[in-house]
Amino acid sequence: MSCCLLEFCRVQELRTVREFLFPNLRSATSDNNIKNKPDEEVNWEEADWGSWESPETQDGGAEEEESVPSSQSAPWLQDCAVSLSPCSDLLVIAREHKAVFMSTKWRTDEAGQEEMNLAVSWSGALSTEEGECVTSVICIPLASQKRSSTGRPDWTCIVVGFTSGYVRFYTESGVLLLAQLLHEDPVLRLKCRTYEIPRHPGVTEQHEELSILYPAALVTIDGFSLFQSLRACRNQVARAAAAGSDSVQPPPLAYKKWGLQDMDTIVDHSSVGIMTLCVFDQMKNASILGGFHASVKGSPPAMCQYITVGGGPFTGFYYAVEGSSQPLLSHVALAVASKLTSALFSAASGWLGWKNKNEEEPVQKQKPKVEPATPLAVRFGLPDSRRHGESICLSPCYTLAAVTDDFGRVTLLDLARGIAIRMWKGYRDAQLGWVQVCEGRSEGENVSSPTFPRRHAQFLVIYAPRRGILEVWGTQQGPRVGAFTVGKHCRLLYPGYRLMGVNSVTSHGWQLHTQQVCLLDPATGVLRAITVPFHLALSDKKSERAKDMHLLKRMNALLRSQELEPDILESEAHSILLDIKHPAIKKQALESLLSNKNAPVSCLTNITRALLDSMKGQDPEAVEESLLQLCSSQLKLLQLYTDIQSLHSAVTDTDTAPPSSIDERIDQDVARVQPMLQRYAELMSRPSVSFAQDPGGALPARNFLCQLECEAGGALRVVRGQDADWTRLGSFFFWGCLCGESPIQKVCDTLQDTGIVPQQLLSLLLSVWLHRERELLKRPEAVTHLHSLLTALSNMPGAVDESWDMQCVSPWWQQVRTACLESENASAALLAALVAHRSAKDSITALAESKFQSEWEAVSLELEQWLVCVRQLEDLLALQTLLCLPCPRGTLGGAPARCSVKTLLESGRGGVADSVAKWVFRQDFAPGSLKEVLQRRAQQEKQEQPEEQGEAERTAEQPTEEKVDEDDDFRRAAELLVSVRQRFPESLCPDLLFSHCCWEYVVQWNKDPEEGRYLSWGVEHLNLVTSPHIQQGIAVMMWNTFIVKRFSAATFLVEKVGKAPKDRLCRRDLGMGENAMTSFLGSCCQLLQTLMEADAGTDEVPPPELCVEEVWGGAEGPASIAELALEQKGVHYPLVQHHCLLASILHATMAFRLRGVKPLSLFDSKGKNAFFRDLTSIQLMPSGDMDPSLVSQRQELLLKVLTDWVQAQGEAADSTSSELGPVDDSWPSLCLDLAPLLQVNPDVLRRHLVCELYSQGLDLRAEEAMLEVEDKEVLGSQMLVLTGQRLSYSLLHTQTRPGMELLARLPPMLCTWLKAMDPSNLRCPSVPLAFTSQLVSRTVEVLPESHAQYNLALHLLEAVDLLEGEA
């Protein structure tokens, strides 16, 4: 690892920035040859920049500026004041009175990766005083005070110094916050010092400050005061911009001002901070300054150290004793602005003397008072009359500083001793920076505890622009550790500080990354960061380690190359490994080589063997034991990998051995379950997605080495990892054997020689068999090979315990059973169980014969468990076949649920029913269809239908091809369901299955309430449950869990709006549309009706007993839905009926879109309080006669329902399409059933229904409804009015000639009565005359002769007969 320059950002629009700061370049650029090229094609190298060493350029600069384009001859960036924020999110470039602010923007490159760019965010003029120019600029990020982002940058303040002596503070958008005139000389340099976490307990904690250098004065502003003032100014500016106020009054700053004496010229400075002398240095200074009789204070005073560079002396050291000068409060220079219209105004917005373009009158301003400086004499310096310093750069640890001079030298100073300790020459116009690197924990060999302070290394970065080279030097006397060839016009940016506003409390856990040194190349706009590894600072004793690190880096680069030949890779890696001396690095290099995916196995083997041989030839005491063990173990693993590969690639003779008797018995067992296997294989043969990590691929050597490790005794052990890796390793060992392509016995012997325990080999074999089910179903011969492998593994030492008793369970065969019972691949698990069962049975038989010498068949606990296991797996295969059935087109579908015997046992007694219920939902089986399938199974159990009848039914009709496909799918699903139910007669009894289907549909409806069909079908499934106890319990659980909350919301919504709510309101309050809400309320009515019927039937039928199959008796887990239902309490029948009344009213309101309905207002206070209570609780219900006003409202509501239902019937009769809800014929009977409960006279509803039917023209239905009316006399009067309205319409409103003649012959009384009738009350006035004649006849029949209108009815009968005769 070596130094590197890494690009991390690009500066955009540098050409625009240059033309803005150098206006003379804009016209000059248009006259050169570059003008014909677009901006993006112009290369900075194409322009003739000239040479800085050229005497012509230095002597005649002014003439050249006019004749030669400046864009080609001048390094423009060197003439600007440039500052980059330590967070790299803001770059400021300023020249004379102009400045450009560039902020971070992220964009996606062509490769799709995010890259950082700096783009212009603000540009303008900064000067206020006439003729003043920018001399220095820095960007200070201010820490956030929010808890969520403590220690993170909040915003960045730009501090600018001017030739007028002003120091101004700006935001990122160019808003002026503060202006200070602390001295009337030009500002030479601005520098900042921020908080750094002390590396050692004895290091003095330094305070934050901003230092401003003038030609003969130094001003230091306290960092805390500056931080608070800047935050206050920013907040005041924001408030003033929002409120439009006239002025802002920023708080004063606390600063100190020192008059630097005893130096001729000062050009740069560094504020080192507070330091305390030791007692010896204190006494030495006192004796030098005060002589023999000088007095010494008891404790050394704290002093602030300042270093200046310039001339006479070359470097000066100043010490200001703390407390010798009191802090001063600044006088803020502030001018009143005309109007503050925006917080984002430009720098020329009329503040501090800067005018807007539209402002005519200059703002009157007054310079603040300038405080005198406190004299500070130089303590000592480095005198050199001919040498003049140009810049000074302080190290991050405040102990060293580098100084450049006009002789082209770079001098390194020891600030504590005040001496020059090193000098470099040949660096004219050099730019300096520092890089501080922290030692990583892994590299510190002497670190004993995590609290031990880590070492830090300082590197000096020197950029020599005249040579175009960037160098990195180790300090204090270290060598050059890096050199880079860069452009001659770059700019080295070194802030030397971090965030302002961070203290010892907020710095805990501070992980903010800031760039230390950056190089800006104006030719390309690229910002590069300099990275230096810590080990380059190590002394010569550690140079061997550094060399090894470089060799390791070379090894990694070699392994990353894709096009390298294996021979070259082997030779290069071999030489590198032998050249590395450090054992830890050599081990790391070997591990990198072994984990490489491109290195062939032969290469790995040869290099590892050569490395092992070289270590064996060395002194045993000098050899690292861990490296020696690694080489030997990895070599053993590579040899095993090669041996297994050679066995799989060897040509073997197959089918040479004749089939044995045990093979024939296995074939018989497989033939018994062959129909189930074949059906399952057909469903699993559908196309599916295969991934790159498929276990069928070849196992790379690196994966093999990662999964095996060598133990102390030399035996190998398999490391259990992910299931996919485990399966791939098992495939590498055994797949060739299962396919009959590899010698089984040789492979097993090879694995046995490695020392891998048989239990791990068995686990690998079972993993391959169970996970590669699809491929094994295509290879019937694999069953025989599996038996051979099981036999070979069982015969290994340590597999089957020799002291095994037949009445105990063998751990070996229990491992096989556990793997099969936990597998979700049912067919593979069943085949493995059949083979293992046969092998276990043969071994038990052989053991019994050897022990007892008897012809009796051995009976053991092991065989009993195998019988249970095989039966469970057969049941699972049938169930899995059903669950894998593809979903019909147009349904939700989804991935089929996969299960194992273990998951079924853990899911409790309802696990099977729950899985089938989910399958029923995916298949979109209607409740009636499911009932038909189950009844068909019951009929088949009772009697077999004649075959002739089936053939007659098959030939009865010729369905279409699509219907045939649908019938075939349904028939196939029904057959699979019947076969599963044969295996689970108790777990899939109809009541249990319907219960789980009901619950599944309700759960799915709760996920998607828009699908009202789910809830409706769930209630239908509940109705199919024959046990009233289960019915009641499930209905109560449905109501409490899913229904009551939405039902109450629907009630309050309808009560609030007083009518059927619109779709928007329904979605807001219930999460479903208005149509879904109508369906929901209908399902609520059905659910409550079912609950009442179930409650009435619980006393007549005893609770059912839920059983389970014998082999599944060990199921332990959550209770089934039916078991939970039986645990529910009984309901309070009147309360359920009370809710059913409310649900019916709400359903009618939504179905017929009724208006003026407030459902809760139809009940008294007792009825309202009883709503939405627990249905199992006893509530105070309404009793006695209801208030007549409430009864009147209820009657009005029922009459509205009947009226709207009759109208819907008429519309349905006139059109072919009809809505399902309102046309339902159950509404009249429902209203009549509700009438007694609501204390409404049912006969009023019947008469109203008859009249509405006659008014709609539905005379036949009206005659049917008339038969149930009790008060015929009142009905006759109403029918008489209807007859008069019809005759009035026929005679008076149609005005036909026969009608007018008949009207003239009628009695005057009848004519007057007909004219009083209003036919507009009829919905269908145009009715056939025969219907009217029948209506009159019915009216005469129901009216008694003593009735007052009986004679009128007779006259009407005669009139209708006359009218009918003339027609």
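Along the sequence shown, the residues carry numbers beginning at 1. Computed from a predicted structure; not experimentally measured.
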For a quick test of your reading: what N or O donor-acceptor pairs under 3.5 Å do the side chains of residues 1073-1087 make, sequence neighbours left out?
residue : atom : partner : partner atom : Å
N1075   : OD1  : R1153   : NH2          : 3.4
T1078   : OG1  : E1074   : O            : 2.9
S1083   : OG   : S1079   : O            : 3.1

Using distance only, find each side-chain donor-acceptor pair of residues 1234-1253 under 3.5 Å and give its atom names and separation, not counting sequence neighbours.
residue : atom : partner : partner atom : Å
Q1239   : OE1  : M1186   : N            : 2.7
Q1239   : NE2  : G1184   : O            : 2.7
N1241   : OD1  : D1243   : N            : 3.2
D1243   : OD1  : E1270   : N            : 2.7
D1243   : OD2  : R1247   : NH1          : 2.7
D1243   : OD2  : D1271   : N            : 3.2
H1248   : NE2  : L1199   : O            : 3.4
H1248   : NE2  : T1203   : OG1          : 2.8
E1252   : OE1  : R1323   : NH1          : 2.2
E1252   : OE1  : R1323   : NH2          : 3.2

Donor-acceptor list for residues 1120-1133 side chains, cut-off 3.5 Å, not counting sequence neighbours:
residue : atom : partner : partner atom : Å
S1120   : OG   : E1123   : N            : 3.3
E1123   : OE1  : S1120   : N            : 3.0
Q1128   : NE2  : L1124   : O            : 3.1

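A salt bridge between K1056 and D1069 is absent, with no side-chain N of the basic residue lying under 4.0 Å from a carboxylate O of the acidic one.
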Test side-chain contact (heavy atoms from CB on, under 4.5 Å) on Y1014 and V1003; report intermediate values, then the result. CA-CA 9 Å; Y1014 293 164; V1003 169; over 6 Å; no
Yes or no on side-chain contact (heavy atoms from CB on, under 4.5 Å) for D1204 and W1227, after CA distance, side-chain angles and deciding distance? CA-CA 10 Å; D1204 290 347; W1227 281 105; over 6 Å; no
Stepwise side chain to side chain donor-acceptor pair (under 3.5 Å) check, Q1179 with S1177: CA-CA 6 Å; Q1179 300 294 329; S1177 62; 2.9 Å; yes
side-chain contact (heavy atoms from CB on, under 4.5 Å) between V1157 and L1154: does it pass, once the steps are laid out? CA-CA 7 Å; V1157 178; L1154 300 180; 3.8 Å; yes
Please walk me through it: do Y1254 and R1286 pass side-chain contact (heavy atoms from CB on, under 4.5 Å)? CA-CA 10 Å; Y1254 275 122; R1286 287 188 180 183; 3.8 Å; yes
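Scanning for ring-ring contact (aromatic ring centres under 6.0 Å, His included) contacts around F1042 gives W999, with sequence neighbours left out. By the ring-ring contact (aromatic ring centres under 6.0 Å, His included) test, F984 pairs with W1112, sequence neighbours left out. Residues satisfying the salt bridge (charged side-chain N to carboxylate O under 4.0 Å, His left out) test with R909, not counting sequence neighbours, are none. Take H996 and apply the ring-ring contact (aromatic ring centres under 6.0 Å, His included) test, not counting sequence neighbours, and it matches no residue. For F1052, the ring-ring contact (aromatic ring centres under 6.0 Å, His included) partners two or more places apart in sequence, or in a different chain, are F1172. Under the side-chain contact (heavy atoms from CB on, under 4.5 Å) criterion, P1344 pairs with E1273, S1346, H1347, sequence neighbours left out. Remark: E1055 pairs with S1161 by the side chain to side chain donor-acceptor pair (under 3.5 Å) rule, at least two apart or across chains.
No more than 12 heavy atoms of other residues, nucleotides or ligands lie within 6.0 Å of CZ in R1155, so this atom counts as exposed by the packing criterion. For K1272, the NZ atom sits in a packed shell: over 12 heavy atoms of surrounding residues, nucleotides or ligands are nearer than 6.0 Å.
Here F1331 contributes atom CZ and E1263 contributes atom CD; the two are 8.5 Å apart, rounded to the nearest 0.5 Å. In this structure, L1190 CG and L1162 CG are separated by 7.5 Å, a value rounded to the nearest 0.5 Å. Atoms NE2 and CD1, from H1021 and I1034 in turn, are 11.5 Å apart once rounded to the nearest 0.5 Å. Rounding to the nearest 0.5 Å places CE of M1279 at 12.0 Å from CG of L1356. Note: L1070 CG to R1046 CZ = 7.0 Å, rounded to the nearest 0.5 Å. Note that NE2 of H1147 is 9.0 Å distant from OG of S1144, once rounded to the nearest 0.5 Å.
Judged by distance alone, the side chain of T1041 and the main-chain N or O of M1037 form a donor-acceptor pair under 3.5 Å. S1288 contributes no side-chain N or O that, together with a main-chain N or O of G1284, makes up a donor-acceptor pair within less than 3.5 Å. A donor-acceptor contact shorter than 3.5 Å links the side chain of D1164 to the backbone of G1167. One N or O on the side chain of Q1031 and one on the backbone of V1025 form a donor-acceptor pair closer than 3.5 Å. Side chain of S929 to main chain of F925: no donor-acceptor pair is present (N/O by atom type, distance under 3.5 Å, no hydrogens or angles).
A donor and an acceptor atom, one from each side chain of Q1256 and R1261, are nowhere located under 3.5 Å apart.
Using a 4.5 Å heavy-atom cutoff, the side chains of N1040 and V1036 are in contact. Residues L1175 and W1039 meet the side-chain proximity criterion, which asks for heavy atoms closer than 4.5 Å. Proximity of R981 to P990: side-chain heavy atoms (C-beta onward) are separated by under 4.5 Å at one or more points. Between T1339 and L1282, the closest side-chain pair of non-hydrogen atoms is not below 4.5 Å. Taking 4.5 Å as the limit, every side-chain heavy atom of C997 sits out of range of all side-chain heavy atoms of F921. Inter-residue side-chain proximity for L1258 and Q1209 is flagged as met; some heavy-atom pair is nearer than 4.5 Å. Residues N1169 and L1180 have side chains not in contact (no heavy-atom distance under 4.5 Å, counting atoms from C-beta outward). With a 4.5 Å cut-off on side-chain heavy atoms, F994 and I1030 do not count as touching.
Ring geometry, W1017 versus Y1001: the interplanar angle exceeds 60°, so the pair is classed perpendicular (tilted spans 30 to 60°).
For the residue pair L1202 and P1228, the shortest heavy atom distance occurs at CD2-CA, 3.9 Å. Considering all non-hydrogen atoms of both residues, A974 and V933 come closest at CB-CG2, 3.9 Å. Nearest approach of A1353 to L1343, heavy atoms of both residues: CB-CD1, 4.1 Å. The shortest non-hydrogen separation linking V1054 to P1061 is CG2-CD, 3.9 Å. Closest of all the heavy-atom pairs between V1201 and A1148 is CG2-CB, 3.8 Å.
Counting only residues at least two apart or on different chains, the side-chain hydrogen bond (donor to acceptor under 3.5 Å, both in side chains) pairs with a member in residues 1089-1104 are N1023-T1090. Listed by first then second residue, pairs satisfying salt bridge (Lys or Arg N to Asp or Glu O under 4.0 Å) with a partner in residues 1004-1026 read D924-R1013, E1010-R1067, not counting sequence neighbours.
Cation-pi contact between R1194 and F1163: present, with separation from the ring centre below 6.0 Å and deviation from the ring axis of at most 45°.
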